[in-house]
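Have a look at the structure below, then the notes.
All chains are named by letter (A, B, ...) in the order of the sequence lines, taking the proteins before the strands, and each is independently numbered beginning at 1.
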Amino acid sequence: NAGVTQTPKFQVLKTGQSMTLQCAQDMNHNSMYWYRQDPGMGLRLIYYSASEGTTDKGEVPNGYNVSRLNKREFSLRLESAAPSQTSVYFCASRLGTGDNSPLHFGNGTRLTVT
Amino acid sequence: KNQVEQSPQSLIILEGKNCTLQCNYTVSPFSNLRWYKQDTGRGPVSLTIMTFSENTKSNGRYTATLDADTKQSSLHITASQLSDSASYICVKTRGAGSYQLTFGKGTKLSVIP
């Protein structure tokens, strides 16, 4: 049972380059999320998708775009990477719409922008 | 300002000892409070959830408590093992049904032999 799978695991970009982080879940969850984790800070929500076909901004959406391709897949795109986007990115999913169901996280993508 | 504060920031204990991690929150109104464990290089995994009506909940060697009056939660680990070395993150929902969660910065626990 794979759970939440993220690719790639590591990536180094130059300032101005673009890339797409991929995320897929096999648990038939409705909602999916993208977070970033920076040293000394709590996880912060970038974008989320409450259900297939919908996406909404979180706390720190600037510089990112997302696509909910289908129920399984939720991708995060950096159009023009900046050093401030150096971070660890986590994709997560959960079954329900509230907090009664836990988030299931992938193992992260470690992104460095030089 | 982060409305979920955790202490201590880091903690080192000997294998077999007990420890308690603290979480203070100011997010209102009350909804669920959840503890996650994050191993190095991995994503967080849910340990337990506390609801308004619960004061204590155990999950094996982990026991979470909640005091809604003082807005404090704690996670007590009994008879620590090397595999307990991880960051422990307290997470609060911002409101009933909200997708927005407030994450604490975590407590990094190191269990040494």
Side-chain angles (χ1 to χ4, degrees), chain A residues 2-7 9-10 21 23 25 27 29-51 54-61 66 68 74 87-110, chain B residues 1-10 23-27 29-54 57 59 62 64 66 73 86-108:
Chain A
V4 178
T5 302
Q6 292 184 236
T7 56
K9 290 185 170 55
F10 300 92
L21 282 65
C23 174
Q25 53 93 6
M27 296 172 284
H29 285 173
N30 294 311
S31 58
M32 297 185 74
Y33 307 78
W34 277 104
Y35 289 91
R36 60 179 289 173
Q37 187 174 42
D38 300 295
M41 301 189 74
L43 282 150
R44 292 182 292 169
L45 181 65
I46 304 171
Y47 270 93
Y48 67 97
S49 171
S51 61
T54 69
T55 61
D56 282 290
K57 294 178 181 179
E59 303 168 67
V60 289
V66 291
R68 183 76 182 265
F74 188 38
S87 187
V88 182
Y89 292 86
F90 287 99
C91 177
S93 68
R94 64 181 175 188
L95 181 62
T97 56
D99 190 49
N100 289 332
S101 56
L103 286 167
H104 293 258
F105 287 87
N107 285 328
T109 294
R110 284 145 187 82
Chain B
K1 178 184 174 184
N2 198 323
Q3 295 176 307
V4 174
E5 301 291 340
Q6 292 189 245
S7 62
Q9 194 171 5
S10 62
C23 174
N24 296 340
Y25 62 91
T26 58
V27 181
F30 183 85
S31 55
N32 299 335
L33 186 143
R34 194 180 287 272
W35 285 90
Y36 285 83
K37 178 186 180 188
Q38 184 176 19
D39 293 319
T40 301
R42 313 276 288 188
V45 175
S46 177
L47 283 175
T48 188
I49 181 172
M50 302 296 292
T51 62
F52 181 77
S53 60
E54 294 174 313
K57 181 181 281 188
N59 177 5
Y62 300 101
L66 177 67
S73 179
S87 288
Y88 292 84
I89 303 171
C90 175
V91 184
K92 181 77 173 56
T93 305
R94 292 191 190 174
S98 171
Y99 291 96
Q100 301 278 10
L101 305 177
T102 301
F103 287 76
K105 296 178 183 180
T107 292
K108 185 173 174 62

By ring-ring contact (aromatic ring centres under 6.0 Å, His included), A:Tyr48 pairs with (sequence neighbours left out) B:Tyr99
For A:Glu59 and B:Leu101 the tightest heavy-atom approach is OE2-O, 4.3 Å
**Message:** For a 4.5 angstrom cut-off between non-hydrogen side-chain atoms, does B:Val91 reach A:Leu103?
**Reply:** no
Whatever's closer than 4.5 Å to a heavy atom in chain B on A:Gln6 counts as neither
Taken to the nearest 0.5 Å, the spacing of A:Gln37 CD from B:Ser87 OG works out to 7.5 Å
The ring-ring contact (aromatic ring centres under 6.0 Å, His included) partners of A:Tyr89 (sequence neighbours excluded) come to A:Tyr64
Shortest non-hydrogen pair, A:Pro102 vs B:Arg34, comes out as CB-NH1, 3.3 Å
Honestly, the part of A:Arg110 sitting under 4.5 Å from a heavy atom of chain B is side chain
**Prompt:** Heavy-atom distance under 4.5 Å between the side chains of B:Tyr36 and A:Leu43, does that happen here?
**Reply:** no
Correct closest heavy-atom pair for B:Gln38 and A:Phe90 would be NE2-CZ, 3.4 Å
When the 4.5 angstrom heavy-atom criterion is applied to A:Leu45 and chain B, the contacting part is side chain
